[in-house]
Asks: 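Take a look at the following structure, please.
For ligands, and for the atoms within them, numbers begin at 1 and follow the listed sequence. Index from 1, following the sequence.
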Amino acid sequence: MGGQLDVYMMLRAKIESRLAELVRLDGPLDPLQGSLRHSLLAPAKRVRAVLTLVAARELGGRESDALDLACAVEMIHTASLILDDLPCMDNAATRRGIPSNHRVFGEATAILASIGLMNRAYGVAAASAKLSADQRAEAVGVLEWSVGLEGLVRGQHDDLADYRATMNEAQLETMYAQKTGALFAAAAECGAIVANNQAARPAMRKFGLDLGVGFQILDDVLDAHATSDRAGKDTSKDSGRTTFPSLLGVTEAAEIGRAKIEGGVGAAVAAAQAAGSDGRLFTAFASRLAEAFSELMPEFQGKLVVSA
Ligand code: GRG
């Protein structure tokens, strides 16, 4: 978050410590528990969960009230990464700088850990003690939308389908909005729910979708451009697939990703201002999201700047 990097790190630390509490062991560490922890507690940016906290704060709520929903979002994201890495999907060897889940624990345990994590996420959201029953029900509904047939599951399906090879830019963008944007959208909308700010929900959904699409495009640039060591996960997985970099080249794709992220900021800032805050954390969050890619790809240094 630019000069507010420390704010980002502080929020991330709160999320990581609450995640560890939420999956604390009651009994011995068995392979299933080990598998779940392997992915959830591995080093990660936690961007979606931080977005939930930022949105709650900017829209008139309290970060502390949003912490469990933020952790639920992160659990769903982690569950999706475990599945994404499986041999039947991306067949990735590395994730979050360590071996992918199934390479350590086997496919069956990895799948079960992913389902366990997703199930735990809904449980955590439904039991979020700082929220009213209505808020909890709304949050669970938003999370369900983001995972479901208009969200991650649909996007991932279309990503793997044969017809991906002939997708044009608009179709790719729809698929990215589902596979990646929907969870960002749910993360931001959960912040509005925590803040009891119904009016801000459409703006948060749009903000999240734009952030997610831009983030996914930049992630494709990273896949095409960076080494696995730098990215902390397998790269060149998109080789031979239709992506923004394959259609437009990495430079133009990176600019479209940056612009998409920037495009969502105005409405988010306006929603924050309507709630009596200045919206600066939204701008800082979006610029950090884009700038994180230039840390991994120094050749884009100074080219992924986002402003309000
Ligand atoms: C049932 C939860 C569930 C999912 C089923 C497998 C699947 C459908 C969806 C996968 C969607 C997917 C992997 C999208 C890619 C999103 C993306 C850009 C991931 C990388 O996110 P970062 O960079 O990673 O935030 P860290 O490791 O920092 O969290």
Side-chain angles (χ1 to χ4, degrees), residues 8 12 15-16 19 36 38-52 70-92 94-98 100-102 110-122 143-161 164 172 175-187 208-209 211-223 226 228 230-235 237-238 241 243-244 257 260-261 285 288-293 295-297:
Y8 184 94
R12 193 175 80 166
I15 290 155
E16 296 198 322
L19 280 173
L36 189 149
H38 174 85
S39 295
L40 185 69
L41 305 178
K45 300 184 287 296
R46 318 292 181 194
V47 290
R48 297 154 190 81
V50 169
L51 177 58
T52 301
C71 289
V73 168
E74 179 61 29
M75 286 176 180
I76 290 173
H77 168 57
T78 304
S80 81
L81 298 180
I82 296 173
L83 296 183
D84 188 48
D85 289 340
L86 289 171
C88 61
M89 299 209 192
D90 260 12
N91 194 19
T94 310
R95 173 69 73 177
R96 295 183 159 173
I98 56 177
S100 55
N101 199 300
H102 66 276
I111 291 168
L112 293 168
S114 171
I115 295 171
L117 255 181
M118 206 170 39
N119 195 48
R120 181 86 181 107
Y122 286 114
L143 294 175
E144 187 273 338
W145 164 79
S146 75
V147 172
L149 295 176
E150 292 176 56
L152 272 76
V153 165
R154 166 60 58 199
Q156 180 78 351
H157 174 270
D158 291 357
D159 190 7
L160 298 170
R164 184 199 167 127
L172 265 185
M175 188 262 281
Y176 287 0
Q178 293 165 333
K179 149 176 139 150
T180 309
L183 196 53
F184 276 86
L209 286 169
L211 288 178
V213 169
F215 188 82
Q216 184 61 58
I217 295 172
L218 292 177
D219 203 61
D220 286 357
V221 174
L222 184 68
D223 183 88
S228 163
R230 265 203 274 159
K233 59 182 180 177
D234 290 17
T235 50
K237 298 306 279 182
D238 291 338
R241 298 161 99 189
T243 60
F244 275 79
K260 198 81 201 169
I261 289 174
F285 178 85
R288 163 132 190 91
L289 204 63
E291 270 165 23
F293 285 94
E295 281 157 26
L296 298 170
M297 300 181 285

Asks: Taking the side chain as C-beta and beyond, is there a heavy-atom pair between F184 and V47 under 4.5 Å?
Replies: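 They are in contact (side-chain heavy atoms under 4.5 Å apart), so the answer is yes.
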Asks: Between D234 (side chain) and T94 (backbone), is there a donor-acceptor pair under 3.5 Å?
Replies: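 Indeed, once roles are kept as given, a pair shorter than 3.5 Å links the two residues.
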Asks: Not counting sequence neighbours, which residues clear side-chain contact (heavy atoms from CB on, under 4.5 Å) with T243? List them please.
Replies: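 If we apply the side-chain contact (heavy atoms from CB on, under 4.5 Å) test to T243, skipping adjacent residues, the hits are R164, Y176, D220, D238, P245, S246.
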Asks: Using the ring of each side chain (for Trp, its six-membered ring), is F215 parallel, tilted or perpendicular to F293, with breaks at 30° and 60°?
Replies: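 If you compare the ring of F215 with that of F293, the planes turn out perpendicular.
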Asks: According to side chain to side chain donor-acceptor pair (under 3.5 Å), who are the partners of T180, at least two apart in sequence or on a separate chain?
Replies: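 Only Q216 meet the side chain to side chain donor-acceptor pair (under 3.5 Å) criterion with T180.
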Asks: Mind checking side-chain contact (heavy atoms from CB on, under 4.5 Å) for L81 and listing every partner two or more places apart, or none if nothing turns up?
Replies: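 L81: side-chain contact (heavy atoms from CB on, under 4.5 Å) contacts with H77, R95, R96.
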Asks: Select all protein residues for which some heavy-atom-to-ligand 1 distance is less than 4.0 Å, and list them by chain and number.
Replies: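 Shell around ligand 1 (4.0 Å, heavy atoms): A44, K45, V47, R48, I76, H77, S80, L81, L83, D84, R96, M118, V147, L152, Q156, K179, T180, F215, Q216, D219, K233.
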